[in-house]
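Step one of this worksheet: look at the structure below.
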Amino acid sequence: MNKTANLYARIEPDVKEQAENVLETLGAKWSKERLDAELEKGYNDMLKGRTRPAAMVLSDVKKKYKV
């Protein structure tokens, strides 16, 4: 089974809208309830200090996919 992870980031509203459009095109649209639940999980992780710098996450992604 594949491991999964959540990624939460603060972004400008227009970037968020563009990302939502891409995800919708790919068939990955979430319900309001699911989106709210994921945002709450991310907020709770942040409060508990379970965060990593974006540069570190990007580096890990590049290593995994040999980009």
| message | For a quick test of reading the model, state the closest non-hydrogen atom pair linking Arg52 to Asp60 and the distance between them. | response |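 Nearest pair, atom of Arg52 first, then Asp60: NH2-OD2, 2.5 Å.
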| Heavy-atom count around Glu20 CD within 6.0 Å, excluding the residue itself: above 12? |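 It does: Glu20 CD has more than 12 such atoms within range.
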| task | Give a yes or no answer on whether the side chain of Thr25 reaches the backbone of Asn21 with a donor-acceptor pair at less than 3.5 Å. | result | yes
| query | In Å and rounded to the nearest 0.5 Å, what is the CG to CD distance from Leu35 to Glu33? | reply | 9.5 Å
| Given Lys62, Met56, Lys63, the one that forms side chain to side chain contact (heavy atoms under 4.5 Å, CB included) with Ser59 |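 It is Lys63; the other options fail the test.
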Distance-only check: which donor-acceptor pairs under 3.5 Å involve side-chain atoms of residues 42-50, not counting sequence neighbours?
{"unit_1": "Asn44", "atom_1": "ND2", "unit_2": "Glu40", "atom_2": "O", "d": "3.3"}
{"unit_1": "Asp45", "atom_1": "OD1", "unit_2": "Arg50", "atom_2": "NE", "d": "2.9"}
{"unit_1": "Asp45", "atom_1": "OD1", "unit_2": "Arg50", "atom_2": "NH2", "d": "2.4"}

